[in-house]
Protein chains: 2
Amino acid sequence: MENSILTPRKQKLLAMIVEKYITTGEPVGSKTLCEALDMAVSSATIRNEMAELSEMGYLEQPHTSAGRIPSQKGYRYYVDNLMGVYELNEEERRGIASWLEPTSADPDKVLERAGGILAQLTNCAVVSTSPSDTQAVIRRAELVPIGTHTAMIVMLTSAGTLKSRVCRVDCELTLEVIESFYNIASKHFIGRSANDISTAMIQTLAAALGEKALLMTPLLVALSELAEASSRLDIRLDGQSNLLNYREFYENAFELMEFLHHSNSLAQLVTRGRGDTDIKIGTENLFRELENSSTIMSRYFIGGHDSGSLGIIGPTRMDYAKIVPSIKYLSQLVGSMLSDTLDS
Amino acid sequence: MENSILTPRKQKLLAMIVEKYITTGEPVGSKTLCEALDMAVSSATIRNEMAELSEMGYLEQPHTSAGRIPSQKGYRYYVDNLMGVYELNEEERRGIASWLEPTSADPDKVLERAGGILAQLTNCAVVSTSPSDTQAVIRRAELVPIGTHTAMIVMLTSAGTLKSRVCRVDCELTLEVIESFYNIASKHFIGRSANDISTAMIQTLAAALGEKALLMTPLLVALSELAEASSRLDIRLDGQSNLLNYREFYENAFELMEFLHHSNSLAQLVTRGRGDTDIKIGTENLFRELENSSTIMSRYFIGGHDSGSLGIIGPTRMDYAKIVPSIKYLSQLVGSMLSDTLDS
DNA sequence: GTTAGCACTCAAACAATAAGAGTGCTAACA
DNA sequence: TGTTAGCACTCTTATTGTTTGAGTGCTAAC
């Protein structure tokens, strides 16, 4: 981007400050830097440079007599221009793979396992979504009688999501009712995209049924609820408690945790990233609750199609250089495992 | 129980101390008690009584110059003998009911809603289990082809739990394969209790299949995994973040949260209580992670059958007198709602 | 452009003090 | 015998002042 603005030495300093701060969590001062530095340059010079970096907005100071810590802008510059693209070595790759592979082929199980691994690897909270497919259509809709007045409605989409709901009808579940359920389902639901099912449509449908409507309404409502549920993202959350280990979250732990359990917000978070792997730092996340957090979101692909997300939420002070390749590798692995089972 | 040991005045004092401490969170001293007390008795007398209560193990002192707080034994005595059985008034009952009722009949939705309400009402973490039935048998087992080599196996039990798993077979999913799946399923799975399906049984089954075994094995494995999953309790957790608001959990927040996400432990917790509503205080919970917590677990009944749990986890310093009736009422409400839909 | 040196700032650590809460004990009292 | 007043004692908490050390910014010399 605008890396021409920073001299090579400033770049090197900024990188060192970021990396040092990431590992120690303490503001880093000119002396520390000077020692850890091979360039034969005195702490005074470094101080000058740091003063300039501060003025430019890349660093900030908790208080006058403390060292510097990277500002949000500093992290951003580091991530965009300075961060070494660390490659996982063979051993690490194998480690991850051997953890993931013995899982059963089931997508949910794969993601559960992947979430666990990533949480452990990064010490952050992990968010992931089940494979989703905007092209998906409703493939089956079944009514399974549970009692004389109770039925379970099951809906299966072509994307492989299965949702069910138990519902109760006021009259007895006669064969006739069941039959007309199947008629309606196959006529108006099967083959349609789950997004197309609106409450308006349900209402017109019910109206058209005339007197039979009373019996069928709860079933239709269940169907539309299921359609709604099928079209909504299934979001997994793993390793949330990891975040409780970071000082920076002590104060607002409650708010942060509440936020994580609020799946609406998570859905926005997860769908927003464009690009293969998307890093958002601090307020770039737009959610007030995340202003001290960074998120790294990555997409996985099934048979070449963009199908889901895998990412983490952690403190801005995180080891981007190590975490990014882990996420990339893992989401690629997840993608290929799911492709094996789903793409055929 | 052994309430004969405590004089009426000691009982009254203990009750007051517990209640005061519950609301303020501060150790309570003799003077405070004396003021809040109608009995015409001086602080000195109260001090004598408190000293005795301490000696008997009902109270403890954080440090010499602090007031007293109830010990675990003190809480226990309070709960067993002193606690007023507070009755929810009509308004409160209606409030809870009106929050719960508009939910759809689906058990999972009902419990989700109930969990939310209880979490808000008690400011604790809420644990609940879906209706389970030890008598339940496998009712349907279906194979839905997803691709040429991939199938979704769906299992439905008579208790109304639906589980599914995607799995992959090495050969093409011909009609023949599907047919023999149904043969095996209806012969060895349908009508059986999920508990009866063991890996040993799967192995003998596979052995008996001879050369067809290779194709069928992944399907059989999936079936047994599903049986296992169906027989396991489905545990919901709500309002976990509430616990982050209590001072007493600040230090071990991470461990506590980890514990809550460890469903094995939760399952033990939830199944252990005998009796209608079961209160466990501190170390009575047997889990090290809960030694500063109390749990209140209640069962709900569907059509007269003990079917599931609803309970909370919170600090030992909780308002037992108010929480107990809330839980009781709510679980009774849940029971009757679920009976309406499921028992027929 | 770099460096040494120095005065300056500020947080963190420490010690000393004071204030206050609450206790236990004793001796007197009903 | 149970109750009470009084008092010395303990221990926490808050406050204040002091010291220490890290780190800075600036200046003048190289």
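Per chain, numbering begins at 1; letters A, B, ... match sequence-line order.
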query = What's the NE2-C1' distance between A:H63 and D:dT24, to the nearest Å?
reply = 11 Å
task = Write down the distance between CD (B:Q61) and C1' (D:dT10), rounded to a whole number of angstrom.
result = 10 Å
request  = Would you please classify the geometry between the A:Y75 ring and the A:Y21 ring as parallel, tilted or perpendicular, with 30° and 60° separating the classes?
outcome  = tilted
Charged N-O contact under 4.0 Å between B:R247 and B:E26 = yes
query = NZ of A:K31 versus P of C:dG5: gap in Å, rounded?
reply = 14 Å
note = The Watson-Crick or G-U wobble partner of D:dA8, with both key distances under 3.5 Å, is C:dT23
message = In whole Å, I'd like the distance from the CD atom of A:E60 to the P atom of D:dG23.
response = 17 Å
Sidechain-backbone polar pair: A:N252 side chain, A:F249 backbone, donor-acceptor under 3.5 Å = no
ask   = Does A:R68 make a side-chain N or O approach to OP1 or OP2 of D:dT24 shorter than 4.0 Å?
value = yes
request  = Classify the side chain of B:T64 and the base of D:dC11 as holding, or not holding, a donor-acceptor pair under 3.5 Å.
outcome  = no
message = I'd like to know if the side chain of B:E92 reaches the main chain of B:N89, judged simply by a donor and an acceptor atom lying under 3.5 Å from each other, with no hydrogens or angles considered.
response = yes
note = Closest of D:dA22, D:dT12, D:dT3 to the B:S65 side chain is D:dT12
task = Look at the side chain of B:R317 and the backbone N and O of B:I22, then say whether any donor-acceptor pair between them is shorter than 3.5 Å.
result = yes
Interface with DNA chain C, restricted to residues 19-30 of chain A and to heavy atoms under 4.0 Å = none
ask   = Does B:T45 make a side-chain N or O approach to OP1 or OP2 of D:dT4 shorter than 4.0 Å?
value = yes
inquiry  = Rounded to whole Å, how long is the line connecting atom CG of A:N48 with atom P of C:dT3?
reply    = 10 Å
ask   = Between the side chain of B:S128 and the main-chain N/O of B:G115, is any donor-acceptor distance below 3.5 Å?
value = no
query = B:S294: what forms a side chain to side chain contact (heavy atoms under 4.5 Å, CB included) with it, not counting sequence neighbours?
reply = B:I281, B:T316, B:M318, B:Y320
request  = Just name whichever nucleotide pairs with D:dA29, Watson-Crick or G-U, keeping both distances under 3.5 Å, else none.
outcome  = C:dT2
query = Just how far, in rounded Å, is P of D:dC26 from CD of A:E49?
reply = 15 Å
remark   = Atom CG of B:L13 and atom P of C:dT23 are separated, to the nearest Å, by 12 Å
query = With a non-hydrogen cut-off below 4.0 angstrom, is B:A44 in contact with a base, only sugar-phosphate, or nothing?
reply = base
ask   = Is any side-chain nitrogen or oxygen of B:S42 closer than 4.0 Å to OP1 or OP2 of D:dT4?
value = yes
key: Atom-to-atom span, CE of B:M50 to C1' of C:dA21 - whole angstrom   = 12 Å
Any A:R47 side-chain N or O less than 4.0 Å from OP1/OP2 of D:dA22 = no
